[in-house]
Amino acid sequence: MNARVTRPIRIGLLGAGVVGEGILQVLSDHAGSIERRMGTAIEVRRVVARDSGKPRSPRCEGLLSFDPDDVLADPEIDVVVEVMGGLEPAGDYVRRAIEAGKSVVTANKALLAEHGHALIELSEERGVDLYFEAAVAGGIPVIRVLREALASDTVVALRGIVNGTSNYILSEMKERGLDFAEALSGAQAAGYAEADPTLDVGGGDATHKLAILAMLAFGAQLRPEDIPTEGISDVAALDIQMAARFGYVIKPLAVGAELPDGSLDLRVHPALVPDSSVLASISGALNVVVLEGKMLGPCLLSGYGAGALPTAMSVVSDIVDVGRNLVVGASGRVPQRAWRGEHLSKRAVAAPGRHVCRWYLRFSVLDRPGVLARIAGVLGAFDVSIEQMLQQGRGPDSDEPVHVVMLTHEAREVDVRHALREIEMLRGMVARARALRIES
Ligand code: HSE
């Protein structure tokens, strides 16, 4: 039992960007209701920013510092809130805070995906809390649901859209006919994208989040680099239009399921989903996570996965949780990883080639006799069966490439990839084939 804290909970903020400012707003606008729920107030002692040249909100007045030691070495601070992002120096600061006996709240999914197990073990040893609700799907309380509400169930599968930037880009490309670059600029202007947007559009951000979800849902210890990942930057406006002609929408998915042999099917990639499905209806910067519990059945959680106030609300809810523990002199009642440490295990991720699904294939070809027959022949030789097909007509110029789109029946990924490699070497092919999974 730790000593009970009866005075206000004192926090130090590392990061004064849009989320940092959002946290100050939530703490100030909801100060009264937070105190009534928690039993004491939250007092912000210091806000540490990195860049002294940037203008700051008046909320930072009298709190601003550029020296992290003003937070890490202040013995009066109970909770360090890390919203700087990136692996370092954030990782070093979080480690130092825990070693100094402070609880930590962080929204840093990259840090948790890469070093979360070590940091959580350190916090357990030190008897402090490390909470991270805002690290996955921003404002959506999915971590609490997995950690607490589903503690009596078995999660058999999860499927989500967990990168708001990618969802925003694909939605804008579809709804407003924008090209990729225009839609990415819009996402950056709206504050959804990471400082380095390749983490968003390359799928890395979703992979970090999926690694955290797999830890909570399946008790899996994995490295994010074990998760097969494809970003959205190769999705062309043409694919979005073609998918629509077949009744599908292209969405940036993160998928996880436990396979009968105990390995995990984990994947991050864009995929076609039926336009009547729930996943298709989650547009713009909205996120969604659909959990499938053995007892519960499906459970859908949707909301804003990015943006200052939804993310700040999540961070502050963690500060309230830590504060509640401090008020009663406790920590570690609910395992931060949802499972007690000794029951987490390293789990194999199924090789992507084993995955079986229907496929969307697009070929750019010269419109010559026999081209289609040759493509179909190679697909057949690899056991990939065509279900539907569409060829775009061309103008009078017979050297103008045409697009041929095929939807296949279920096929193993390894067979599809081998077939595509052979097809790309056929006479009449003018560009690399595009392949997207169809998620039923
Ligand atoms: N860049 C992230 C996204 C922000 O677009 O979802 C929240 O993690």
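We number each residue from 1, following the sequence as shown. The figures here come from the full heavy-atom set of this structure, side chains too, leaving out hydrogens, waters and symmetry mates. Counting convention: from 1, in listed order, for ligands and their atoms alike. All figures in this text were calculated on a predicted structure; none of them were measured in a lab.
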Self-check item: Name of the residue among Val47, Asp70, Val71 meeting side chain to side chain contact (heavy atoms under 4.5 Å, CB included) with Leu14
Solution: Val71

Quiz item: Within the side chain of Lys209, is there an N or O that forms a donor-acceptor pair under 3.5 Å with the backbone of Ala137?
Solution: no

Exercise. Is it possible for you to check whether Arg147 lies under 6.0 Å from the centre of the six-membered ring of Phe132, through NZ or CZ, and within 45° of that ring's axis?
Key: yes

Self-check item: Stepwise side-chain hydrogen bond (donor to acceptor under 3.5 Å, both in side chains) test for Ser65 and Asp67
Solution: CA-CA 6 Å; Ser65 151; Asp67 181 359; 5.8 Å; no

Quiz item: Where is the nearest protein heavy atom to atom 2 (C) of ligand 1: which residue, which atom, and how far?
Solution: Glu194 OE2, 3.1 Å

Practice problem: Looking only at protein heavy atoms, identify the closest one to atom 8 (O) of ligand 1 and say how far it is in Å. | Solution: Lys109 NZ, 2.5 Å

Exercise. Classify the contact between Thr165 and ligand 1 as side chain, backbone, both or neither, using a heavy-atom distance cut-off of under 4.0 Å.
Key: both

Quiz item: Purely on distance, is any nitrogen or oxygen of Gly164 under 3.5 Å from one on ligand 1?
Solution: yes

Exercise. Kindly confirm or rule out an N or O of Asn287 lying under 3.5 angstrom from an N or O of ligand 1.
Key: no

Quiz item: For ligand 1, is Gly305 a contact, meaning one of its heavy atoms is under 4.0 Å away?
Solution: yes

In ligand 1, which numbered atoms sit nearer than 4.0 Å to a non-hydrogen atom of [X]?
| X | result |
| --- | --- |
| Asp200 | 1 (N), 2 (C), 3 (C), 5 (O) |
| Ala306 | 4 (C), 7 (C) |
| Lys209 | 2 (C), 3 (C), 6 (O), 7 (C), 8 (O) |

Practice problem: With sequence neighbours left out, write down each residue that passes ring pair (Phe, Tyr, Trp, His ring centres under 6.0 Å) with Tyr131, or none if nothing qualifies. | Solution: none

Practice problem: For the pair Arg46 and Asp74, find out whether any cationic side-chain nitrogen is under 4.0 Å from an anionic carboxylate oxygen. | Solution: no

Quiz prompt | Ion pair Arg96/Asp69, N-O distance below 4.0 Å | solution = yes

